[in-house]
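A short write-up of the structure that comes next.
Since the structure is predicted, the reported quantities are computational estimates derived from the model, not experimental observations.
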Amino acid sequence: VQLQASGGGLVQAGGSLRLSCAASGNIFRVNEMNWYRQAPGRERELVAAISRDGFTNYADSVKGRFTISRDDARLTAYLQMNNLKPEDTAVYLCNAGIVVGNTNTTQPLYYWGQGTQVTVSS
């Protein structure tokens, strides 16, 4: 099982980016999908989360600017980031709880993608 994150880049303050996180491999079901970020010298923080039922949760710092969504047919989560600020600069990592196929358990394992750099210039 792998998670592949993409969509980062360099953008000016006020701009937008859309991140994608695609799951692949021997997957029975993808449960919650999450986006974290980590800036230099700072702890990793949860930015946004979406459950299998579509319930969402956001960090206070991104509410009203970021939107998380998912496409279960494509096993992909998205993070639409609008009105970006320099303080949003970080490596963004996706994380998902995945039930692996061909096993006797429905307990999910948690996987991480490789991260994608988002840089917002002032």
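- Of all heavy-atom pairs between Ala39 and Ala90, the closest is N-CB, 3.9 Å.
- Partners of Asn26 under the side-chain hydrogen bond (donor to acceptor under 3.5 Å, both in side chains) rule, at least two apart in sequence or in another chain, do not exist in this structure.
- Residues satisfying the side-chain hydrogen bond (donor to acceptor under 3.5 Å, both in side chains) criterion with Gln114, sequence neighbours excluded, are absent altogether.
- Pairs engaging residues 3-55 under the ring pair (Phe, Tyr, Trp, His ring centres under 6.0 Å) rule: Tyr36-Trp112 [sequence neighbours left out].
- With side-chain heavy atoms closer than 4.5 Å counting as contact, directly or through intermediates, Tyr78 stands alone and belongs to no larger hydrophobic cluster.
- Among residues at least two apart or in separate chains, there is no disulfide (SG to SG under 2.5 Å) pair with a member in residues 38-86.
- Here the side chains of Val99 and Ile27 are not in contact, with every heavy-atom distance at 4.5 Å or above.
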Identify each donor-acceptor pair in which a side-chain atom of residues 104-111 lies under 3.5 Å from a protein atom, sequence neighbours left out, and give them as a table.
unit_1: Thr105; atom_1: OG1; unit_2: Gln107; atom_2: N; d: 2.9
unit_1: Tyr110; atom_1: OH; unit_2: Glu32; atom_2: OE2; d: 2.6

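- A 6.0 Å sphere centred on CD of Gln2 holds no more than 12 heavy atoms belonging to other residues, nucleotides or ligands.
- Panel note: side chain Arg74, backbone Arg70; no donor-acceptor pair is recorded below 3.5 Å.
- Contacts classified as side-chain hydrogen bond (donor to acceptor under 3.5 Å, both in side chains) and involving residues 41-54 (residues at least two apart or in different chains) are given here: Arg37-Glu45, Gln38-Arg44.
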*Assess whether side chain to side chain contact (heavy atoms under 4.5 Å, CB included) is satisfied between Gln117 and Thr89, documenting all intermediate values.*
CA-CA 8 Å; Gln117 177 70 45; Thr89 295; 4.1 Å; yes
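- The minimum heavy-atom distance linking Asn34 with Ala49 is given by the pair OD1-CB, 3.1 Å.
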*Could you check Asp88 against Lys85 for salt bridge (Lys or Arg N to Asp or Glu O under 4.0 Å), going step by step and ending with a plain yes or no?*
CA-CA 5 Å; Asp88 294 318; Lys85 303 176 180 180; over 6 Å; no
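- Among all heavy-atom pairs drawn from Val11 and Leu84, the shortest one is CG1-CD1, 3.6 Å.
- Scanning all heavy atoms of the two residues, the minimum distance from Ala59 to Leu46 falls at CB-O, 3.5 Å.
- In terms of the salt bridge (charged side-chain N to carboxylate O under 4.0 Å, His left out) criterion, Arg29 has no residue partners (sequence neighbours excluded).
- Cluster membership for Leu75 and Val100, using ILVMFWY side-chain heavy atoms within less than 4.5 angstrom, is shared.
- Ala23 approaches Ile98 most closely through the heavy-atom pair CB-CD1, 4.3 Å.
- Tyr58 places a side-chain N or O within 3.5 Å of a backbone atom of Ile68 that can act as its donor or acceptor partner.
- The side-chain heavy atoms of Leu19 and Gln80, taken from C-beta on, include no pair separated by under 4.5 Å.
- Listed by chain and residue number, nothing satisfies the salt bridge (charged side-chain N to carboxylate O under 4.0 Å, His left out) test with Arg18 (two or more places apart in sequence, or in another chain).
- Sorted by first then second residue, the side-chain hydrogen bond (donor to acceptor under 3.5 Å, both in side chains) pairs that include residues 6-16, not counting sequence neighbours, are Ser16-Asn82.
- Under the 3.5 Å distance criterion, the side-chain polar atoms of Thr76 are left unmatched by any main-chain donor or acceptor of Ala22.
- Qualifying ring pair (Phe, Tyr, Trp, His ring centres under 6.0 Å) partners for Phe66, counting only residues two or more places apart in sequence or in other chains: none.
- Judged as a disulfide (SG to SG under 2.5 Å), the pairs with a partner in residues 5-113 (not counting sequence neighbours) are, in order, Cys21-Cys94.
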